[in-house]
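Taking it in order: structure first as structure tokens, then the write-up.
The chain is numbered in sequence order, starting from 1.
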Amino acid sequence: MIGLRKSALLATSIAVMGLVTGCGIESDSDPMANGASGTDATVANANGGNTGSNKVISVATPTQRQTGVIRVEGKSQGSLTEQIANGYESSGGAAQVNITNTSENTGFSDFCAGEVDVVDSARPISPKEFKKCQRNGIQPVQFQIASDAAILAIKNETDVGVDCLSFNEVRQMYQSGSTINSWSEVGYNRDLVDVRPIRMKFVGPDEDSNVFSFFGQYVLGDPEPTLLSYRTDYQAKPTDREVRQTVVGTKRNYFYATQFERYRKELRQLRSSISDGKQRVADAKAEVAKGIRDNRSAEAKAKDQANLDAAQKNLDKLIASLPPAKRSAKLRPMEVSASDNADKPECVFPSQATVTDASYPLARQLLLTINYKNMKDSDINDFLSYGLSRSQAFAEKSALVPIPDSTRNEEQGWLDGTSEPDVVFYSNDNAS
């Protein structure tokens, strides 16, 4: 699997395309931005400085609250907040955590009115909500607890003529009543290449999966998705294992698919070694040529030639290892673009960075939003510190994508006071 989470695979094709969970994500460099700020937002240092020309807020005030009682509103599909609250209270946490399962919209509305301490959401605060908070002197700070993603994947080395799909194409492929049945009907540049009409099959998680609900709500647009929300030939599987096995075809291939992160990393390392090997061969050839020009001794020339032979032998061995390494990476995730602009597609590969910062269009962030001026309240501070310390374990258990260590450490630094947090900031043009 890829190093993110137990992400849900959506599959398709005779090339079977699978909708898999985020655990199939490739680990790579951590994202630059750890604060969840939204597509149109910038982030600003909580002491008042920001990356734009506007002040974040004029007069910041704490939310009036009862010490020892933490009011939480909102409820995102796959939320970890109840697990965190239960664990916090059972571990001796001093505060009572009262969770009211409202919509995210209601949660943010009450938060900006000063009636809620924490908002549980799977989206950033909107420009309109931010403006209301700003009017009331509330500075939103959003802590990312986990991520979630639906990964579209097919069997590796299956040539369907498509590497990237638009968000709208993904919706059209999976929605109820879909008439898309061939890879020749989707993908960028399909009119410019000879795409064979390979038939599609679709497989993914069943109704008990968080990703089933997330994908149904976020991609298909159904607030309460059921199998009726999906195309009639969608194969719903009870486990991610069965989804992946359907995509790759055999138990042996499934084993390789479960080791996807390992094999993908090994393949990357092998390609890097081949590149280094080619450079060593080139350097050795140059040294042999230089020895001839410099009229080196026969012994020195022999040594140069021996070095070249050794470098070439090592390179040949590495190149011979490439085909089996490619065959071991059995799943091939699809890139997805949020844009429908065929001239300038913004194709994004699902990786830990792109899922964590939600630049991958089929990803979302699980967030807890608080008022900056209450962040040092001992009960809220303790609750969030506990949540961050357990978030990765809870995410793994719930088949979500854990936040990277760097994100967790940065956010803990906000609570410890070793660094100032980022507060969400929308320009006046966006916050209308």
Throw together a table of side-chain donor-acceptor distances under 3.5 angstrom for residues 106-113, partners on residues two or more places apart or in other chains.
| residue | atom | partner | partner atom | Å |
| --- | --- | --- | --- | --- |
| T106 | OG1 | S103 | OG | 3.1 |
| S109 | OG | K132 | NZ | 3.1 |

Show me the donor-acceptor pairs, under 3.5 Å and distance only, between side chains in residues 92-100 and residues at least two apart or in other chains.
| residue | atom | partner | partner atom | Å |
| --- | --- | --- | --- | --- |
| Q96 | NE2 | N98 | OD1 | 2.8 |

Which pair of non-hydrogen atoms, one from S385 and one from Q412, has the smallest distance, and what is that distance?
OG-NE2, 3.2 Å
F349 vs T354 side-chain heavy atoms within contact, under 4.5 Å
no
Taking the side chain as C-beta and beyond, is there a heavy-atom pair between L315 and K278 under 4.5 Å?
yes
Check: G87 main-chain N/O paired with S91 side-chain donor or acceptor under 3.5 Å
yes
Just by modelled atom types, is the P124 backbone N or O under 3.5 Å from a matching donor or acceptor in the Q142 side chain?
no
Derivation of the side chain to side chain contact (heavy atoms under 4.5 Å, CB included) call for M200 and E185
CA-CA 10 Å; M200 294 175 168; E185 301 174 66; over 6 Å; no
Separation between OG (S391) and CG (L366), nearest 0.5 Å, reads 10.5 Å
Is there a donor-acceptor pair under 3.5 Å between the side chain of Q217 and the backbone N or O of P225?
no
Please report the interatomic distance CZ(F212) to CG(D206), rounded to the nearest 0.5 Å.
7.5 Å
Mind checking side chain to side chain donor-acceptor pair (under 3.5 Å) for S79 and listing every partner two or more places apart, or none if nothing turns up?
T81, D120
Just jot down the side-chain contact (heavy atoms from CB on, under 4.5 Å) partners of S339, sequence neighbours excluded, or say none.
S337, N341, E346
Quick check for you: to the nearest 0.5 Å, what is the distance between I380 atom CD1 and R65 atom CZ?
3.5 Å
Among residues at least two apart in sequence or on other chains, which ones pass salt bridge (charged side-chain N to carboxylate O under 4.0 Å, His left out) with R123?
E104, E129
L367 vs I125, test: side chain to side chain contact (heavy atoms under 4.5 Å, CB included). Steps then yes/no.
CA-CA 10 Å; L367 308 170; I125 189 170; over 6 Å; no
Distance in Å, S273 OG paired with N314 CG, rounded so as to fall on 0.5 Å steps:
8.5 Å
Nearest heavy-atom pair of P361 and F167: which atoms, and what distance?
O-CE1, 3.8 Å
Exercise: do Q83 and S398 side chains pair donor with acceptor under 3.5 Å
yes
From L220 atom CG to R231 atom CZ, the distance as rounded to the nearest 0.5 Å:
11.5 Å
Nearest heavy-atom approach of V211 to A149 is CG2-O, 4.0 Å
Would you please name every residue forming a side-chain contact (heavy atoms from CB on, under 4.5 Å) with Q235, sequence neighbours left out?
K201, V203, K237, T246
For I370 and M375, the nearest pair of non-hydrogen atoms, with its separation, is CD1-CG, 3.6 Å
Does the N86 side chain pair with the main chain of E82, one donor and one acceptor, at a distance under 3.5 Å?
yes
In terms of side-chain heavy atoms, does D283 have a donor or acceptor partner in Q279 at a distance below 3.5 Å?
yes
Partner of F215 by ring-ring contact (aromatic ring centres under 6.0 Å, His included), out of F202, Y174, Y234
Y174
Not counting sequence neighbours, which residues clear side-chain contact (heavy atoms from CB on, under 4.5 Å) with T226? List them please.
E207, L228, S229
Under the salt bridge (charged side-chain N to carboxylate O under 4.0 Å, His left out) test, which residues partner R71, sequence neighbours left out?
D117
Side-chain (D222) to main-chain (G216) donor-acceptor, under 3.5 angstrom
no
Check: T63 main-chain N/O paired with N136 side-chain donor or acceptor under 3.5 Å:
no
V160 vs M334, test: side chain to side chain contact (heavy atoms under 4.5 Å, CB included). Steps then yes/no.
CA-CA 11 Å; V160 296; M334 278 280 168; 3.9 Å; yes
Flag, side chain of T418 to backbone of G413, donor-acceptor distance under 3.5 Å
yes
Which atom of Q144 lies closest to which atom of S147, heavy atoms considered:
NE2-OG, 2.7 Å
Salt bridge (charged side-chain N to carboxylate O under 4.0 Å, His left out) with D340: which residues, sequence neighbours excluded?
none
CA sep, side-chain torsions, deciding dist, call: I145, I84, side chain to side chain contact (heavy atoms under 4.5 Å, CB included):
CA-CA 10 Å; I145 300 300; I84 292 172; 3.9 Å; yes
Does NZ or CZ of R364 fall inside the cone over F214's six-membered ring, less than 6.0 Å from its centre and within 45° of the axis?
yes
Does D163 have any salt bridge (charged side-chain N to carboxylate O under 4.0 Å, His left out) partners at least two apart in sequence or in another chain, and if so, which?
R332
Residues that K313 engages under side-chain contact (heavy atoms from CB on, under 4.5 Å), provided they are two or more places apart
none
For P402 versus A395, what's the shortest heavy-atom pair and its separation?
CA-CB, 3.9 Å
Working to the nearest 0.5 Å, report the span between CZ of R280 and OG of S275.
9.5 Å
Listed once per pair and sorted, the ring pair (Phe, Tyr, Trp, His ring centres under 6.0 Å) pairs that draw on residues 79-103, sequence neighbours left out
Y88-F383
For the side chain of N381 and the backbone of L415, is there at least one donor-acceptor N/O pair under 3.5 Å apart?
yes
Is a donor on one side and an acceptor on the other found under 3.5 Å between the side chain of Y360 and the backbone of A353?
no
For the residue pair N168 and Q172, confirm or rule out a side-chain donor-acceptor distance under 3.5 Å.
no
